[in-house]
A.B. asks: 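Below: one structure in structure tokens.
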Amino acid sequence: MSAVSWIDEFPARIAALDAAHLRRARRAVVPAKGAHLLVDGTPMLAFCSNDYLGLAAHSALAEAACAATREFGMGSGGSALVSGHSTANAELEEDLARFVQLPRALYFYAGYATNVGIIPALVGAGDALFSDELNHACLIDGARLSRATVHRYPHADLAALSALLAASPARRKLVITDAVFSMDGDVADLRALLALCERHDALLLIDDAHGFGVLGPQGRGTLAEAGLTGAHASPRVLYMATLSKAAGVAGAFVAGPGPLIEWLVQKARSYIFATAAPALLARALQASLRVIATDDWRRTQLHARIDQLRAGLAPLLQRTSWRLAESRTPVQALVIGANDEALAVMEGLRARGLWVPAIRPPTVPEGTARLRIALSAAHTEADVAQLLHALAKLAPHA
Ligand SMILES: *Cc1c(COP(=O)(O)O)cnc(C)c1O
């Protein structure tokens, strides 16, 4: 009798995930009004969406997509370097470059694919990469794929980064960082990072998935907020952001100096060997950019909800060991500590119709299991009040 084939081991491997409480399930969702959803048929108020400005349900975006579908059809029919690059996609790239005040932009079908494609196009074996330890998975995966030597530095530790840059003999150095860190919501010091890159002749790649649309004047992003766009744009910065979060649609882009963007068109494999994004998404995104630029009230409302949550949690933080990570962004991390306690609070919220995910190690450091509360302009004051009330009930009483 032959040994058990590895192909027959998957049921046992899934059972092991179950036993370790690591098996994840998808929930089937239908949007309702505002931040309310039907989740597997049950109404829930969600604090886990990245739709930070409430644009996913905006009628102007849907209208633009419908009109584009009638004009262009559904699929793009080809990769961008063959026949898939529609006039809509080309116009979107011009709008994006203008909006973020950088010379040129390149539109990808997904944020994950953007970082996985552009990092290996920029550096390879013998080159050096410098990566914040809390960077998003797609920066990490892009770094691995590049085969450059990866130096991970402690979160936001510029002294450590400086020492690593100084010690590296590589001629090509690339620093990669989230602009807004996705698990804590804190913002990278882009000016200081750029200064280090200038000193060490490094290129800086910034992932602004959670800042685009939210931070900076008219939501132009974290780089604009730092004053590093327009006349102050640097030739050594590539700015990447997703269009699936605050912009409310799908896809992503990278913007920066013309020659760098042209190089990425030529060499980013996830761009070249994938079918171009459909024109209907580009048209929806053009509409989204107009709303982002004009609807300042959405950012005002979002920031009012952030202030309301932080002020409302203050009494609770006094009487528990819970901690609220420093953050002025829609990502608010309520660090609870032990895994089972974080899960119990998540379940308690769920029982009250509130959907807030618990994030546990290894996604976050050991002992810092947390609720990751994502706020949106779609939340009303009453929505946040309901969450605060439930958390006060679920918190341990001294
Ligand atoms: C969501 C996210 C991405 C991936 O973007 P998609 O468009 O969802 O593929 C990339 N980077 C960061 C920091 C993100 O949070």
Side-chain angles (χ1 to χ4, degrees), residues 3-30 37-42 44-51 110-113 115-116 131-145 150 152 154-155 176 178 180-186 207 209-210 242 244-245 320-325 327 330-374 387 390-391 394-396:
V4 176
S5 164
W6 71 277
I7 291 161
D8 297 322
E9 288 169 358
F10 289 99
R13 293 173 76 178
I14 294 166
L17 288 179
D18 266 330
H21 304 288
L22 290 175
R23 183 165 171 192
R24 302 181 63 179
R26 298 168 302 166
R27 296 175 200 284
V29 169
V30 181
L37 307 171
L38 270 185
V39 182
D40 290 335
T42 306
M44 299 282 278
L45 172 56
F47 289 93
C48 49
S49 166
N50 300 318
D51 180 21
Y112 182 89
N115 284 335
V116 162
S131 177
D132 188 293
E133 66 179 347
L134 295 190
N135 276 345
H136 189 265
C138 62
L139 287 170
I140 296 168
D141 293 357
R144 285 190 184 136
L145 206 52
V150 179
R152 262 165 46 114
H155 178 51
I176 55 180
D178 282 18
V180 175
F181 288 87
S182 52
M183 288 302 144
D184 290 74
D186 56 321
D207 178 340
H210 302 277
T242 65
S244 50
K245 290 171 178 149
T320 64
S321 58
W322 295 3
R323 195 173 60 73
L324 184 60
S327 164
V331 178
Q332 297 288 323
L334 183 58
V335 180
I336 289 179
N339 290 358
D340 51 350
E341 193 185 346
L343 281 180
V345 178
M346 176 182 81
E347 290 302 337
L349 291 172
R350 196 204 300 278
R352 288 166 167 80
L354 298 163
W355 189 1
V356 185
I359 313 284
R360 288 168 292 160
T363 307
V364 292
E366 210 55 57
T368 70
R370 65 194 63 192
L371 296 177
R372 183 181 182 278
I373 303 168
L387 175 62
L391 284 170
L394 293 165

A.B. asks: Is there a donor-acceptor contact under 3.5 Å from the side chain of Asn50 to the main chain of His210?
C.D. replies: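 No; judged by distance alone, with no hydrogens or angles, the pair does not exist.
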A.B. asks: Can you list everything that forms a side-chain contact (heavy atoms from CB on, under 4.5 Å) with Arg24? Sequence neighbours excluded, please.
C.D. replies: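 Per chain and number, Arg24 pairs via side-chain contact (heavy atoms from CB on, under 4.5 Å) with no residue.
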A.B. asks: Looking at every non-hydrogen atom in both residues, tell me the closest pair between Gly348 and Leu394 and how far apart they are.
C.D. replies: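 Shortest heavy-atom contact: C-CD1, 3.7 Å.
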A.B. asks: Rounded at 0.5 Å granularity, tell me how far CG in Leu38 sits from CZ in Arg27.
C.D. replies: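 With rounding to 0.5 Å, CG (Leu38) is 14.0 Å from CZ (Arg27).
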A.B. asks: Would you please test Val356 and Arg372 for side-chain contact (heavy atoms from CB on, under 4.5 Å) and show each step?
C.D. replies: CA-CA 7 Å; Val356 185; Arg372 183 181 182 278; 6.0 Å; no
A.B. asks: Is there a side-chain contact between Thr242 and Tyr112 in this structure, where contact means two heavy atoms from C-beta onward sitting under 4.5 Å apart?
C.D. replies: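 Answer no - side chains too far apart.
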A.B. asks: Measuring only between side-chain heavy atoms, which start at C-beta, is Asn115 closer than 4.5 Å to His136?
C.D. replies: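 The answer is no, as the side chains (C-beta and beyond) never meet within the 4.5 Å cut-off.
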A.B. asks: Could you tell me whether the side chain of Trp322 reaches within less than 4.5 Å of the side chain of Leu334, counting heavy atoms only?
C.D. replies: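 SC-SC contact between Leu334 and Trp322 confirmed.
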A.B. asks: Looking only at side chains, do Asp186 and His155 share a donor and an acceptor under 3.5 Å apart?
C.D. replies: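 Yes, a side-chain donor-acceptor pair sits under 3.5 Å.
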A.B. asks: Going by heavy atoms in the side chains, are Ile176 and Asn135 under 4.5 Å from each other?
C.D. replies: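 Ile176 reaches Asn135 side chain to side chain.
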A.B. asks: Would you check if Ile359 and Met183 make a side-chain contact, meaning some heavy-atom pair closer than 4.5 Å?
C.D. replies: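 Side-chain contact under 4.5 Å: yes.
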A.B. asks: Is there side-chain contact between Phe47 and Leu354, with heavy atoms separated by less than 4.5 Å?
C.D. replies: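 Heavy-atom side-chain distance check passes, below 4.5 Å.
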A.B. asks: Apply side-chain contact (heavy atoms from CB on, under 4.5 Å) to residues Val116 and Leu145 and explain how you reach the verdict.
C.D. replies: CA-CA 7 Å; Val116 162; Leu145 206 52; 3.5 Å; yes
A.B. asks: Taking atom CE of Met346 and atom SG of Cys48, what is their separation to the nearest 0.5 Å?
C.D. replies: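 It is 10.5 Å, given to the nearest 0.5 Å.
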A.B. asks: Do Leu371 and Leu391 make a side-chain contact, defined as non-hydrogen atoms from C-beta onward lying under 4.5 Å apart?
C.D. replies: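 In short, these two side chains touch, coming nearer than 4.5 Å.
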A.B. asks: Applying side-chain contact (heavy atoms from CB on, under 4.5 Å), run through Ile140 and Arg144 and close with a yes or a no.
C.D. replies: CA-CA 6 Å; Ile140 296 168; Arg144 285 190 184 136; 3.9 Å; yes
A.B. asks: Can you tell me if Arg360 uses its side chain to pair, donor with acceptor, with the backbone of Pro365 under 3.5 Å?
C.D. replies: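 Not confirmed, Arg360 side chain does not pair with Pro365 backbone.
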A.B. asks: Are any side-chain N or O atoms of Gln332 and backbone N or O atoms of Ser327, one a donor and one an acceptor, separated by less than 3.5 Å?
C.D. replies: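 Yes; at least one donor-acceptor contact below 3.5 Å.
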A.B. asks: Are Pro361 and Asn339 packed together at the side-chain level, in the sense that at least one heavy-atom pair is separated by less than 4.5 angstrom?
C.D. replies: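 Yes. Closest side-chain heavy atoms under 4.5 Å.
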A.B. asks: Which pair of heavy atoms, one from Ala395 and one from Thr320, lies closest together, and at what distance?
C.D. replies: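 Smallest interatomic distance, heavy atoms only, reads CB-CG2, 4.0 Å.
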A.B. asks: Does this structure show an ion pair linking Arg370 with Asp184, if we count only N-O contacts that are shorter than 4.0 Å?
C.D. replies: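 Looking at Arg370 and Asp184, the cut-off is met.
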A.B. asks: Look up atom CG in Leu37 and atom CH2 in Trp355, then write down how far apart they are to the nearest 0.5 Å.
C.D. replies: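 Rounded to the nearest 0.5 Å, the CG-CH2 separation comes to 6.5 Å.
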A.B. asks: Minimum heavy-atom separation for Ala143 to Val150, with atom names?
C.D. replies: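 The pair with the smallest heavy-atom distance is CB-CG2, 4.0 Å.
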A.B. asks: Does a sphere of radius 6.0 Å around CZ in Arg352 hold more than 12 heavy atoms from other residues, nucleotides or ligands, not counting ones at 6.0 Å or beyond?
C.D. replies: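 Atom CZ in Arg352 is packed in, count exceeds 12.
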A.B. asks: Evaluate the criterion side-chain contact (heavy atoms from CB on, under 4.5 Å) for residue pair Arg23 and Ile14; output intermediate values, then yes/no.
C.D. replies: CA-CA 7 Å; Arg23 183 165 171 192; Ile14 294 166; 3.4 Å; yes
